[in-house]
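Every chain is numbered from 1 and lettered A, B, ... according to where its sequence line falls, protein lines coming before strand lines.
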Number of protein chains: 2
Amino acid sequence: MHPMVNDDAAAKARTGSDAANAGAAEKAAGGGKARTKSRGRPRSFDRETALEKALLAFWEHGYEATSVSDLTRVMDIGAPSLYAAFGDKRSLFEEVVRVYGTRYGSFTDRALAEEPTARDAVERTLREAATAYTQPGHPHGCLVVHAATNCSTPEVEESLRDRRNANIAAFESRIRADVAAGVLPPATDAAALARHTGAMIQGMSQQARDGASREELEAVAEIALSIWPRTGTHTG
Amino acid sequence: MHPMVNDDAAAKARTGSDAANAGAAEKAAGGGKARTKSRGRPRSFDRETALEKALLAFWEHGYEATSVSDLTRVMDIGAPSLYAAFGDKRSLFEEVVRVYGTRYGSFTDRALAEEPTARDAVERTLREAATAYTQPGHPHGCLVVHAATNCSTPEVEESLRDRRNANIAAFESRIRADVAAGVLPPATDAAALARHTGAMIQGMSQQARDGASREELEAVAEIALSIWPRTGTHTG
DNA sequence: TCATTTATCTAGCGGTCGCTACAGAAATGA
DNA sequence: TCATTTCTGTAGCGACCGCTAGATAAATGA
C-alpha cells in the first residue's frame with residue numbers, strides 16, 4: 001500500500017536530524033569530534049523552529065486533521081524539504097510528540113520525581129495541569145490526550161495511548177511506594193487512585209479544550225484533591 | 001467550495017426520513033392520517049438498521065475517520081442510496097448523534113430527572129457511565145466525547161462540544177437547586193462541582209477507550225463520589 | 001399497458017491526500 | 001574551475017475523499 005523507499009527516507013531524515021543541524025544551529029565552531037562542516041547546500045530553514053511550528057499545528061488539529069500541506073505552510077518550507085529533514089508525516093509526528101513531552105508535558109514526571117509523597121505529586125500535577133492546559137500562546141489541553149483520537153493509523157493512536165497508560169502506571173507505583181512506606185493506609189487501592197488521577201487529568205484536558213479557564217480548572221483540581229487522606233494519615 | 005445542491009439533497013433526505021420509512025418499516029397497515037403508501041420503487045434496506053450501523057461506525061472511528069465508503073460498506077448500501085436516505089455525511093452524523101443521545105447517552109438526563117438530589121444524580125450517572133462505557137457489543141466510551149475531536153469541520157466539533165457543555169450546565173443548575181433547597185451547604189461552588197463531574201465523566205470515557213474495565217471504572221467513580229458532602233449534610 | 005415516481009447501480013466528477021521524480025541552486029573539496 | 005554533495009522548487013503521481021449524473025429497476029396510479 002505504501003511506497004517502499006521509506007527506509008531510505010527515514011535514513012535521510014535521521015542524518016538530517018543529527019549532522020545537518022550541527023551546521024546550521026551550532027554557530028560556535030568548538031565541537032571536538034565528528035564532521036566539522038556539512039558538505040552540500042545548507043538547509044535554508046531552522047530545523048527546530050520548523051519543528052516547533054509543526055508541534056503547534058499537530059497540537060491544535062491532531063495528527064490526521066493536520067495535512068502535509070498544512071505543515072509545509074506553517075513550517076514555511078516545501079514538501080521535499082520536510083520529507084528530507086523529518087522523514088514522513090508519521091515520523092515527524094513522533095518527533096513532535098517527543099519534543100512535546102520534554103517541553104510541555106514533563107510536569108507530571110517532575111512532580112513524581114521531586115515531591116516527597118504521592119499525594120503531593122498528584123496535587124502539584126493537577127495544579128500545574130490547570131495552568132499548563134490553559135496557557136495562552138499555544139493550544140489548550142494536552143497533545144497526548146487529544147492529537148490521535150479517532151485516528152485511522154492505529155499505530156499512532158496506540159503510541160499515544162501507551163503514553164497515557166504509562167503515566168497512570170507511574171502514579172500507581174508511586175502510590176504503592178507510599179503505601180509500603182506507611183505514608184498511605186495499607187488498604188489503599190493504588191490502581192484505582194492512580195486511574196482516578198489519570199481520569200482527572202484527561203478530563204481537565206478535555207475541559208480546557210472545551211473552553212474552561214485556568215481558574216475553573218484549578219477549582220476542579222481542588223475538588224479532586226479532596227479525595228486524598230490528608231498527609232500524615234499513615235497508619236502504623 | 002461545496003456543491004450548491006445541498007438544499008435539494010437535504011430535502012430529499014428529510015422526506016425519506018419521514019414518509020418513505022412508513023412504507024418499509026410499518027408493516028401493519030393501521031396508521032390513520034398521511035399518505036398510506038409511497039409511490040415509487042420501495043427502499044431495499046431498513047433505514048433504522050442502516051442508521052444503527054452508521055452509528056456504530058461513527059462511534060468507533062469518529063466523524064472524520066469514518067469515510068463514506070466505510071459507511072456504505074457497513075450499512076450495505078450504495079452511495080446514492082445513502083445520500084437519498086440521509087442527506088450528506090454531516091446530516092447523517094447529526095442524525096446518528098440524535099439517535100445516540102436517546103439510545104445510549106440518556107442516562108445522565110434520566111438520573112438528573114429521577115434522582116431526589118444532585119448528589120444522587122451524580123452518583124447514579126457515574127456508576128451507570130462505568131457500565132455503559134464498557135458495555136460489550138459496541139465501542140467503549142462516549143460518542144459525544146470522542147467522535148468529533150480534532151475535526152476539520154468546525155461545526156461538527158462545536159455541536160458535540162455544545163452537548164458536553166450543556167451536560168455540565170445541567171449538573172450545575174441541579175446542584176444550585178439543591179443549594180437553594182438547603183440540601184447542600186450555601187458555600188457550595190456549584191459550577192466547580194458540576195465541572196468536576198463533567199471532567200470525571202469525560203475522563204472515565206477516555207479511560208474506557210484506553211482499555212479500563214467496568215470494575216476499574218466503578219472504582220474510579222467510587223473515589224470521585226467521595227468528594228461530596230454526605231447526603232443530609234444540609235445546613236440551616 | 002403505460003406514464004409516473006422513486007430507488008438502485010455503475011461510473012466517475014473535481015478535489016485533496018501523502019509522497020516523490022526531476023531539475024536547478026548553493027555549498028564543499030579538489 | 002569544476003566535480004561532488006546536498007537542499008530547494010516545480011510539478012505531478014496514484015489513491016482516496018465526499019458526492020452526483022445518468023441509466024436502469026421496481027413500485028404506483030391511470
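An OP1 or OP2 oxygen of C/dT8 is reached within less than 4.0 angstrom by a side-chain nitrogen or oxygen of B/S81. Under 4.0 angstrom from either OP1 or OP2 of C/dT20 there lies no side-chain N or O belonging to A/Y83. One finds a side-chain N or O of A/S44 lying less than 4.0 angstrom from the OP1 or OP2 phosphate oxygen of D/dT8.
Residues from residues 61-75 of chain A placing a heavy atom under 4.0 Å of any atom in DNA chain C, listed by number, are A/T66, A/S67, A/V68, A/S69.
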Where do B/T131 and B/E218 land on the side chain to side chain contact (heavy atoms under 4.5 Å, CB included) test, with the steps shown first?
CA-CA 8 Å; B/T131 72; B/E218 282 171 342; 3.8 Å; yes

Start with the C-alpha gap between A/L51 and A/L92, add the side-chain angles, then the distance that decides, and say whether side chain to side chain contact (heavy atoms under 4.5 Å, CB included) holds.
CA-CA 8 Å; A/L51 187 57; A/L92 169 57; 3.7 Å; yes

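Contact of the B/C142 side chain with the B/Y104 side chain is not registered, since no non-hydrogen atoms from C-beta on lie closer than 4.5 Å. Side-chain contact between A/L217 and A/Y133 is present, with heavy atoms from C-beta onward closer than 4.5 Å.
The distance between atom CG of B/D76 and atom P of C/dT8, rounded to the nearest whole Å, is 11 Å. Residue B/L92 contributes atom CG, which lies 13 Å from atom C1' of D/dG18 at whole-angstrom precision. Atom CG in A/L82 sits roughly 10 Å away from atom P in C/dG18 (whole-Å rounding). The nearest whole Å value for the distance from the NZ atom in A/K89 to the P atom in C/dC17 is 9 Å. The interatomic distance linking A/F86 (CZ) with D/dC7 (C1') rounds to 14 Å, in whole Å. Between B/I77 atom CD1 and C/dC9 atom C1' there is a gap of 13 Å when expressed in whole angstrom units.
In this structure, B/R43 satisfies the cation-pi test against B/F45, with its NZ or CZ atom closer than 6.0 Å to the six-membered ring centre and inside 45 degrees of the ring normal.
The backbone N or O of A/S152 lies less than 3.5 Å from a partner atom in the side chain of A/E64, making a donor-acceptor pair. A donor-acceptor pair under 3.5 Å is absent between the side-chain atoms of B/E128 and the main chain of B/F107, judged by distance alone.
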Any protein N or O atoms within reach of nucleotides 23-28 of chain D? Criterion: under 3.5 Å, listing atom names and distances.
residue : atom : partner : partner atom : Å
D/dA25  : N3   : B/R41   : NH1          : 3.2
D/dT28  : O4'  : B/R39   : O            : 2.9

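Salt bridge present: B/R47 and B/E95 bring a charged side-chain N and a carboxylate O closer than 4.0 Å.
Of the candidates C/dA7, C/dT20, D/dT20, D/dT20 carries the atom nearest the B/P80 side chain, counting heavy atoms from C-beta on.
Residues that satisfy the ring pair (Phe, Tyr, Trp, His ring centres under 6.0 Å) test with B/F171, not counting sequence neighbours, are absent from this structure.
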